[in-house]
Amino acid sequence: MIRVYNTLKGEKEDFVPQKDNEVRMYVCGPTVYDLSHIGHARSAVAFDVIYRYLKYRGHKVIYVRNYTDVDEKIKKKANEEGVSSKEIAERYIRAFDEDMDALGVSLPDFRPKVTETMDEIIGFVQTLIDKGFAYVIDGDVYYSVRKFNKYGALSKKNIEELEAGARVEVDERKKDPLDFALWKASKENEPWWESQWGKGRPGWHIECSAMSKKILGETLDIHGGGKDLIFPHHENEIAQSEAATGKPFVRYWLHNGFVNINQEKMSKSIGNILTIKDALKNYSAEAIRLFLLSSHYRSPIDYSPDVLHDAETSLDRFYTTKERMEKEWPDVISKKTDKKNKEERLKPLSDAMDDDFNTALAIGHIFNEVNIANRMMDEAKKSGVGAEFKTLLPVVKAVFDEMGSVLGVFHKRPEEYFNEKKKYIKISEDEIKRLIDERNSARKNKNWTRADEIRKELEDKGIILEDRADGTIWKVKR
RNA sequence: GGCGGCGUACCCAAGCGGUAAGGGAGCAGUCUGCAAAACUGCGAUGCAGCGGUUCAAAUCCGCUCGCCGCCUCCA
């Protein structure tokens, strides 16, 4: 049984989809006005793994992640650059898609855009007016928060205190300071759509209510996003959707924690925004992904060179072992795995994932398997191949493959992994080969001084030499 | 001020009532011409502090200290 932490309940509960094993899942995607940062990456990777795991466990998942392509900030950027909002939105959608692809984030089943959901949004707003939850003033439409008595349930906020603590300038025309805009009359230089209230555009929260209903229906099984979206965004979505349909909007609310940079929240004002593209300049996509999955998705994590370096080192360890399995024991690992054996070894991993998608624990178990594999291979080399070795090593390989495809890490071919690291070195491969040859002749002549000189010279350039039984190989040190 | 969360070895991190997973770094050993990789051993009598509940607590309760997030655009 999968258990998930539901923000609405404030505790873990058994995950039971509304209909058999079908899961309807919606995650708030980016507002496309700038390059995506490492925080977007975390949210995307976290929910990607949740998506993959639910499918792995036999659920039929319909996963929707939107692009918010109508927004104040998009318009602002467009005006600054003197181009259309559409152009800005398209540029950053493309950039986001590139980043997701680089990070190995699988494509959701649907990726709706606000601009393509306008009819449904207008219809949604009209329904709220018809049901008495919204009112029109000068071409704007507002939601009457006080009409919805469950308001505050998700974010555990009390309406009276919210009002008292309001720090924003209140729009005088609203009936109540808490009310928020469903539809805004368009100003100059703004994209607009024709509606029964005049030319305008949707407010911030309505698009998710409309898009999720359009594709997934009135009740979602999972709705996800960053913790910061709990209030007001998700609170307002609940108010809109439940007022309109009279049905529960979401069964399980999942929220991921933040990525901090040097213990600080990323923000434009501090100027410490780390874009995914910048992160990828310094670290491999797989290392970034492993870093993101090395803590539980709800915990805050701190991005630093140290932890990214740790992730690189962990990957080296993993792939060194995987390579050894493939190179030294190809006929053993290609043996058919015993089903019962495999399930037994996968159990700790799936138990970890069942417990609110505990990727950190699962990764810990994978490294236990790495240790076991190495120990068995050492033993087999020393004392010969036993029956246990023959049944267990293929199983370990299968564990790597299965969890690798769920986590989206550890699933490369080792040659591919080590080859990719070559881009970090500042010396040609020919030159390395020449030095290795020179060193090997020196070694033949027992000229250890020269041999060690060459080792040192290459190490300074980031190359590690390994003298193996079947010759010298080199690897990129990081 | 209101609400939510966090504090586990040098660093990262799991653990959520049954006697501290895992990774990195460090030290020692096996292997090696020397290394690297791998393996083995060492490393928190302790889980911010103080009380309490319990046969049993890092895990539950209370208080204190420190840190963070949300309440305003935000993944």
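Side chains are part of it too, since the values below use all heavy atoms of this structure and drop only hydrogens, waters and symmetry mates. Naming convention: chains lettered A, B, ... in sequence-line order (proteins, then strands); numbering from 1 in each chain.
Between B:G5, B:C71, B:G22, one nucleotide has an atom nearer to the side chain of A:Tyr5 than all others, and that is B:G5. In the set B:A36, B:C70, B:A75, the nucleotide with an atom closest to the side chain of A:Lys265 is B:C70. Proximity note for A:Asn368 (side chain, C-beta onward) versus B:G24, B:G33, B:G22: the nearest is B:G22. Here B:G23 is the nucleotide among B:G23, B:U40, B:G33 with the atom lying nearest to any side-chain atom of A:Asp310. Taking only side-chain atoms of A:Asn374, from C-beta outward, the nucleotide of B:C39, B:A37, B:A14 with the closest atom is B:C39. Closest contact between the side chain of A:Asp228 and the listed nucleotides B:A14, B:G23, B:C70 involves B:C70. For A:Phe231, the listed nucleotide lying nearest its side chain is B:C70; candidates were B:G23, B:C70, B:A37. The listed nucleotides are B:C39, B:C73, B:G22; the one nearest the side chain of A:Arg317 is B:C39. With B:A75, B:G24, B:G15 as the candidates, the nucleotide lying closest to the side chain of A:Asn358 is B:G15. Listed candidates were B:A21, B:A38, B:C73. Nearest to the side chain of A:Leu361 is B:A21.
When heavy atoms are screened at a 4.0 angstrom cut-off, A:Arg324 is found touching the sugar-phosphate backbone but no base atom. A:Phe291 comes within 4.0 angstrom of no nucleic acid atom, judged by non-hydrogen atoms across all strands. Among the heavy atoms of the strands lying under 4.0 Å from A:His37 is at least one base atom, whether or not backbone atoms are also near. A:Arg455 comes within contact range of at least one nucleobase, with a heavy-atom separation under 4.0 Å. Nucleic acid contact class of A:Ile38 (heavy atoms, under 4.0 Å, all strands): none. At a threshold of 4.0 angstrom between heavy atoms, the contacts of A:Met377 with the nucleic acid are absent. Residue-level contact check: A:Ser304 touches neither bases nor backbone, having no heavy atom under 4.0 Å from any strand.
To the nearest whole angstrom, the two P atoms, one in B:A20 and one in B:G33, are 42 Å apart. When the C1' atom is used for both B:A48 and B:G5, the distance is 16 Å, rounded to whole Å. Comparing the P positions of B:A36 and B:C31 gives an interatomic distance of 15 Å, to the nearest angstrom. When the P atom is used for both B:G49 and B:A9, the distance is 10 Å, rounded to whole Å. Rounded to whole Å, the separation between the C1' atoms of B:A25 and B:G17 comes to 33 Å. Between the P atoms of B:C10 and B:G1, the separation comes to 34 Å (whole Å). Taking atom P in both B:C11 and B:A44, one finds a spacing of 15 Å when rounded to whole Å. For the P atoms, the distance from B:C12 to B:U54 is 37 Å, rounded to whole Å.
Contact check on A:Glu72 versus A:Arg201 returns a salt bridge, with a Lys/Arg side-chain nitrogen under 4.0 Å from an Asp/Glu carboxylate oxygen. Remark: A:Glu11 does not engage A:Lys9 in a salt bridge, criterion side-chain N to carboxylate O under 4.0 Å. A:Asp48 and A:Arg52 are joined by a salt bridge, as a carboxylate oxygen and a charged side-chain nitrogen come within less than 4.0 angstrom of each other. Between A:Arg450 and A:Glu453 a salt bridge is recorded (basic side-chain N to carboxylate O distance below 4.0 Å). With respect to the salt-bridge test (charged N to carboxylate O, under 4.0 angstrom), the residues A:Lys475 and A:Asp316 do not qualify.
Side-chain contact, A:Asp97 with A:Tyr67: a donor N or O sits under 3.5 Å from an acceptor N or O.
The base-pairing partner of B:C34, taking Watson-Crick or G-U wobble contacts with both distances under 3.5 Å, does not exist among the strands shown. With a 3.5 Å ceiling on both atom-pair distances, the Watson-Crick or G-U wobble partner of B:G1 is B:C71. Judged by Watson-Crick or G-U wobble contacts below 3.5 Å, the nucleotide B:G46 has no partner. Using Watson-Crick or G-U wobble geometry with both donor-acceptor distances under 3.5 Å, B:G29 finds its partner in B:C39. Using Watson-Crick or G-U wobble geometry with both donor-acceptor distances under 3.5 Å, B:G66 finds its partner in B:C6. In this structure B:G51 sits in a base pair with B:C61, meeting the Watson-Crick or G-U test at under 3.5 Å. As the counterpart of B:G17, no nucleotide is assigned, since no Watson-Crick or G-U wobble pattern has both distances under 3.5 Å.
Interface residues of residues 437-454 of chain A facing RNA chain B, ordered by number: A:Arg439, A:Arg443, A:Trp448, A:Asp452; criterion, heavy-atom separation under 4.0 Å.
Aromatic ring centroids of A:Phe400 and A:Phe318 lie under 6.0 Å apart.
For the pair A:Phe318 CZ and B:G24 P, the computed distance is 14 Å after rounding to whole Å. Taking atom OH of residue A:Tyr297 and atom P of nucleotide B:A14, one finds them 13 Å apart after rounding to whole Å. The distance between atom CD of A:Glu323 and atom C1' of B:A38, rounded to the nearest whole Å, is 13 Å. Separating the NZ atom of A:Lys157 from the C1' atom of B:G5 is a distance of 13 Å, rounded to the nearest angstrom. We find that CG of A:Leu8 is positioned 14 Å from C1' of B:G4, with the value rounded to whole Å. At whole-Å resolution of the value, CG in A:Asp351 and P in B:A14 are 17 Å apart. Separating the CG atom of A:Leu315 from the P atom of B:G23 is a distance of 14 Å, rounded to the nearest angstrom. The CG atom of A:Asp306 sits 13 Å away from the P atom of B:G26 (whole-angstrom rounding).
Note that the CZ atom of A:Arg434 and the CD1 atom of A:Ile432 stand 11.5 Å from one another [nearest 0.5 Å]. Once rounded to the nearest 0.5 Å, the distance linking CG of A:Leu229 with NZ of A:Lys227 reads 12.0 Å.
The residue among A:Lys156 and A:Gly364 whose nearest nucleotide of RNA chain B is located toward the 5' end is A:Lys156. Checking A:Glu264 against A:Ile464, the closest nucleotide of RNA chain B that is more toward the 5' end is the one next to A:Ile464.
The number of heavy-atom neighbours closer than 6.0 Å to NZ of A:Lys412, taken from other residues, nucleotides and ligands shown, is above 12.
Proximity of A:Asn158 to the phosphate of B:G2: no side-chain N or O atom is located under 4.0 Å from OP1 or OP2. Here A:Asn371 does not reach the OP1 or OP2 of B:G23: none of its side-chain N or O atoms lies under 4.0 Å away.
Aromatic ring orientation, A:Phe148 versus A:Tyr143: perpendicular (interplanar angle above 60°, classes split at 30° and 60°).
When all heavy atoms of A:Val409 and A:Arg289 are compared, the pair lying nearest together is CG1-CB, 3.9 Å.
The base of B:C34 lies close enough to the side chain of A:Asp467 for a donor and an acceptor atom to sit less than 3.5 Å apart.
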